[in-house]
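One-based numbering along the sequence shown. These numbers come from the heavy atoms of this one structure, side chains and all, not from hydrogens, waters or symmetry mates.
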Amino acid sequence: MAAHSDVLLEVRGLKTYFYTEAGVVRAVDGIDLKVRRGEALGIVGESGCGKSVTSLSIMRLIQDPPGRIVEGEIIFDGMNIRSLSDEEMRHIRGNRVSMIFQQPTTCLNPVFKVGDQIIEALEIHQGLRGEEARRRAVELLSLVGLPDPERRINQYPHELSGGQAQRVMIAMALACNPELLIADEPTTALDVTIQAQILDLMRELREKINTAIILITHDMGVVAEMVDTVAVMYAGQVVEYADVRSIFAEPKHPYTQGLLASIPVLGEIVDELATIPGTVPSLINPPTGCRFADRCAQRFARCDEPPPMFTLNGGRQVRCWLYAPDAQPA
């Protein structure tokens, strides 16, 4: 068991709700996560399950209104982030904790050159000035595979393609050698060659400066290659939490089993891919029992009650009544 000081980030009972005219959206509804120094945690699940809201909550970037963190603790290196002032949080955000956002073109300021936006982070957090800051910005753009960085540094965001803007965002996130890097679908807009470069770059960060990574993705291939631990989210909750080998070798939760069964296997010919029937429930009025029950082939009577997290051998956790010590499925 790792010493407590090895734990860089611990999320306990996090609930983030959005207050809308239609009702209260329970986007994240009581999740627990733990990331150790130098560890990579993958968060996977369907669109709308709460992955991105979890990452924005950790960064304290939930816009209020309509969103609000209503409950839980976010402990970063022994500090409860929720209790920090905006000024204190600014010293952490972008410096000790960085994020690669899913939509880079909406996160870059359209009226400033991309080089100036990288240089600003270097000036604020690293104390670099003038030519030294500019040289480091060019080096970062080169590092993320952006061709002709000397020219790109003087361009505006609208002059870049989606993939190029994504690489600028990644360069900004890496500028301060963060202790924790949160990557929300970091390779979505990139071709496979650049994807591989970016993943190699993230791996290198872990090896060189022991950066911990939270990787949010739909790509189970990237998960298998990049992470140590996996949190599977469904309808605002973590439904399975285990090391990556266990998840792929023996998925426990019916939802995890469905996710993995839907991945095509190279060389295997099938008439049709496996799918999970039904749709994700509304997070305004989620089911009172197991949130996956309506889509689950293994449903039984007890699924009408909300299942807790059960801890199995080896420390893996599953939110499913099938794994209750006294489970008796019909």
Side-chain angles (χ1 to χ4, degrees), residues 2-19 27-28 30-41 43 50-104 106-109 112 116-129 132-133 136-137 140 169-184 186 202 205-206 209-216:
H4 180 73
S5 61
D6 287 340
V7 176
L8 181 64
L9 177 77
E10 188 168 2
V11 176
R12 304 174 191 152
L14 178 67
K15 294 185 179 183
T16 302
Y17 294 172
F18 290 84
Y19 296 84
V28 173
I31 68 164
D32 300 296
L33 299 171
K34 191 178 285 187
V35 185
R36 291 182 168 83
R37 296 176 194 278
E39 180 187 17
L41 167 71
I43 303 180
K51 304 186 301 295
S52 294
V53 175
T54 298
S55 65
L56 291 170
S57 300
I58 292 168
M59 294 290 285
R60 269 205 20 205
L61 289 172
I62 298 295
Q63 189 173 344
D64 182 5
R68 194 181 312 149
I69 300 173
V70 296
E71 205 174 296
E73 294 179 304
I74 304 164
I75 310 296
F76 174 74
D77 197 19
M79 298 177 291
N80 188 349
I81 281 178
R82 283 195 66 197
S83 66
L84 297 181
S85 68
D86 290 344
E87 182 62 31
E88 289 170 324
M89 192 61 209
R90 274 193 288 272
H91 286 298
I92 292 175
R93 191 191 300 122
N95 183 25
R96 299 182 66 190
V97 183
S98 284
M99 184 165 176
I100 302 168
F101 294 90
Q102 195 171 356
Q103 299 292 340
T106 60
C107 297
L108 293 171
N109 191 321
F112 290 105
D116 292 338
Q117 296 185 55
I118 298 171
I119 287 167
E120 182 183 28
L122 294 168
E123 287 177 342
I124 293 170
H125 298 301
Q126 299 285 292
L128 300 183
R129 294 287 182 270
E132 189 183 6
R136 176 62 178 151
L140 284 162
M169 276 295 307
I170 294 167
M172 289 174 70
L174 303 183
C176 300
N177 295 328
E179 294 165 61
L180 174 64
L181 177 65
I182 302 173
D184 189 357
M202 289 166 66
L205 263 183
R206 288 183 66 193
I209 60 169
N210 208 32
T211 297
I213 294 171
I214 296 177
L215 181 62
I216 297 167

Exercise. Could you walk me through whether Y19 and V70 pass side-chain contact (heavy atoms from CB on, under 4.5 Å), step by step?
Key: CA-CA 11 Å; Y19 296 84; V70 296; 3.3 Å; yes
Could you walk me through whether M172 and L108 pass the side-chain contact (heavy atoms from CB on, under 4.5 Å) check?
CA-CA 10 Å; M172 289 174 70; L108 293 171; 3.6 Å; yes
For the pair I214 and L9, evaluate side-chain contact (heavy atoms from CB on, under 4.5 Å) and give the outcome as yes or no after the intermediate values.
CA-CA 10 Å; I214 296 177; L9 177 77; 3.7 Å; yes
- List the steps, then state whether side-chain contact (heavy atoms from CB on, under 4.5 Å) holds for F76 with L84. CA-CA 11 Å; F76 174 74; L84 297 181; over 6 Å; no
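For the pair T54/V11, no side-chain contact is recorded, criterion being any heavy-atom separation below 4.5 Å from C-beta on. Two residues are said to be in side-chain contact when any heavy atoms from C-beta on lie closer than 4.5 Å; L41 and R36 fail this criterion.
Residues I69 and L14 approach most closely at CG2-CD1, 3.6 Å, considering heavy atoms. Closest approach of T16 and V53 over heavy atoms only: CG2-CG1, 3.8 Å. Closest non-hydrogen pair, F101 versus M169, comes out as CD1-CE, 3.3 Å. The two residues A133 and L122 make their nearest non-hydrogen contact at O-CD1, 3.5 Å. Summarising the geometry of A212 relative to V35, their closest heavy-atom pair is CB-CG1, 3.8 Å, with the distance given to 0.1 Å. When all heavy atoms are compared, the tightest approach of G72 to R82 is O-NH1, 2.8 Å.
Of the inter-residue distances, the one linking L61 atom CG with M99 atom CE reads 7.5 Å to the nearest 0.5 angstrom. A distance of 13.5 Å separates NZ of K15 from OG of S57, quoted to the nearest 0.5 Å. Between L215 atom CG and I182 atom CD1 the span is 11.5 Å, to the nearest 0.5 Å. Interatomic distance, CD1 of I74 versus CE of M59, reported as 11.0 Å (0.5 Å rounding). For the atom pair OG of S98 and CD1 of I170, the computed distance is 12.0 Å after rounding to the nearest 0.5 Å. The CD atom of E73 lies 10.5 Å from the CG atom of D32; values are rounded to the nearest 0.5 Å.
With sequence neighbours left out, R129 forms a salt bridge (Lys or Arg N to Asp or Glu O under 4.0 Å) with no residue at all. Annotation: salt bridge (Lys or Arg N to Asp or Glu O under 4.0 Å) contacts of E88 (sequence neighbours excluded): none.
Counting non-hydrogen atoms of neighbouring residues, nucleotides and ligands closer than 6.0 angstrom, the CD atom of E87 exceeds 12 such neighbours.
For the side chain to side chain contact (heavy atoms under 4.5 Å, CB included) with V97, the lone residue among L181, D77, I92 that qualifies is I92.
With salt bridges taken as basic N to acidic carboxylate O contacts below 4.0 Å, none links D6 and K34.
Applying the salt bridge (charged side-chain N to carboxylate O under 4.0 Å, His left out) test to every pair with at least one member in residues 54-67, sequence neighbours left out, gives these pairs: R60-D86, D64-R68.
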